[in-house]
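All remarks here apply to the structure that follows.
Just so you know, these numbers come straight off a predicted model, no measurement behind them. First listed ligand is number 1; within each ligand, the first listed atom is number 1.
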Amino acid sequence: MTQDEQKKRVAREAIKYVVDRAYVGVGSGSTANYFIDELANIRNRIRGAVASSLRTEERLKSHAIPIAELASVDELPVYIDGADETTERGALIKGGGGALTREKIVAAVARKFVCIVDVSKVVGVLGNFPLPVEVIPMARSHVAQELVKLGGRPRLRPDCTTDNGNVILDVEGMRIVDPTDLETRINNIVGVVTNGLFARRAADVILVGTDQGVRTIDTHRL
Ligand code: 5RP
């Protein structure tokens, strides 16, 4: 089975977490795109979707799924999104697609965060995937110097402006044994908008697509 087929499997499984007559938060990336395609089949059951990026908004619209602004939504029972890496405890690296800030905001508001990944994304220790950090453009060299002090090797992502008008530094060489602590430290650097560690608000459920089927991890049961 290919990685894409595993992604489609978890996208299909994630539909079970969508709450009828409510809004659903929708992430960004190829796995989230497969989820949007599945969501289209049940669009009459939901009030609408909150998008975590402009690209996701476009895909939702292409399926005639109603879009809601996060600020005007009273309740968001669930947020469904992919990840670049996840531990079994639900700490994540996200932002490979550059949408980390809006993704983190929607995840913060949602009652339940369901992360959908193929099995290649599950790791023991985060950091093999370069950690994305969204930065206010004028602060990029200051932030890069501070990230070097934390042990990383930051690189400016070429030709990338985020939906919020900022740049991204991808940080290599981090072996992240304490993701909550590192998330806080990086967010405290002046000029950082947010970083791609989702540990303070980790995933509640991880759906892992494997050749054998979908493995469900309830991170609160560990
Ligand atoms: C986008 C993300 C994505 O969830 C992450 O990059 C995974 O993408 P894919 O589902 O294409 O593997 O964080 O900012």
Is any NZ, NE, NH1 or NH2 atom of the basic residue among [X] and [Y] found under 4.0 Å from an Asp or Glu carboxylate oxygen of the other?
| X | Y | result |
| --- | --- | --- |
| R47 | E75 | no |
| E58 | K61 | no |
| R59 | D37 | yes |

Checklist entry - Just wondering, do V205 and T216 contact through their side chains at under 4.5 Å, heavy atoms? => result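 A side-chain contact under 4.5 Å exists here.
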
Checklist entry - Going by atom types alone, do R200 and T184 pair a side-chain donor with an acceptor below 3.5 Å? => result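 Yes, a side-chain donor-acceptor pair sits under 3.5 Å.
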
Checklist entry - At their closest point, which heavy atom of N166 faces which heavy atom of P137, and how far apart are they? => result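 Closest heavy-atom pair between N166 and P137: OD1-CD, 3.5 Å.
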
Number the atoms of ligand 1 from 1 as they appear, then name those within less than 4.0 Å of a heavy atom of [X], with their elements.
| X | result |
| --- | --- |
| G29 | 11 (O) |
| G97 | 1 (C), 6 (O), 14 (O) |
| G95 | 2 (C), 13 (O), 14 (O) |
| G98 | 14 (O) |
| G82 | 4 (O) |
| K7 | 9 (P), 11 (O), 12 (O) |

Next on the checklist: If I apply the N/O under 3.5 Å rule, does L100 come out as touching ligand 1?
Outcome noted: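 No; the residue has no nitrogen or oxygen that sits under 3.5 Å from a nitrogen or oxygen of the ligand.
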
Checklist entry - Looking at ligand 1, does any of its N/O atoms fall within less than 3.5 Å of an N/O of A99? => result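 So ligand 1 has an N or O lying under 3.5 Å from an N or O of A99.
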
Next on the checklist: Would you say that more than 12 heavy atoms from the other residues, nucleotides or ligands in this model lie under 6.0 Å from the CZ of R157, or not?
Outcome noted: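 For R157, atom CZ is crowded (more than 12 foreign heavy atoms under 6.0 Å).
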
Checklist entry - Near R185 CZ, under 6.0 Å, is it more than 12 heavy atoms from other residues, nucleotides or ligands? => result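 Atom CZ in R185 is not packed in, count stays at 12 or less.
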
Among all protein heavy atoms, pick the one closest to [atom] and tell me residue, atom and distance.
| atom | result |
| --- | --- |
| atom 5 (C) of ligand 1 | D84 OD1, 3.1 Å |
| atom 10 (O) of ligand 1 | T31 OG1, 2.5 Å |
| atom 9 (P) of ligand 1 | S30 OG, 3.3 Å |

Item to check | ligand 1-proximal atoms of A83, by part, heavy-atom distance under 4.0 Å | outcome: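 For A83, only backbone atoms sit under 4.0 Å from ligand 1.
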
Next on the checklist: I need the contact type for D81 against ligand 1. Using non-hydrogen atoms and a strict under-4.0 Å cut-off, is it side chain, backbone, both or neither?
Outcome noted: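 Side chain only.
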
Item to check | contact_flag S28 ligand 1 heavy-atom lt 4.0 Å | outcome: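 Contact check S28 vs ligand 1: positive.
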
Checklist entry - Does N187 reach the main-chain N or O of T194 with its side chain, forming a donor-acceptor pair under 3.5 Å? => result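 No, the answer is negative, given that no donor and acceptor are paired below the 3.5 Å cut-off.
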
Checklist entry - Do side-chain atoms of E183 reach the backbone of A199 as a donor and acceptor pair under 3.5 angstrom? => result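 Flag set: sc E183 to bb A199 pair under 3.5 Å.
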
Item to check | Candidate with minimal heavy-atom separation from atom 14 (O) of ligand 1, of K94, E103, K121 | outcome: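 Among K94, E103, K121, the closest heavy atom to atom 14 (O) of ligand 1 comes from E103.
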
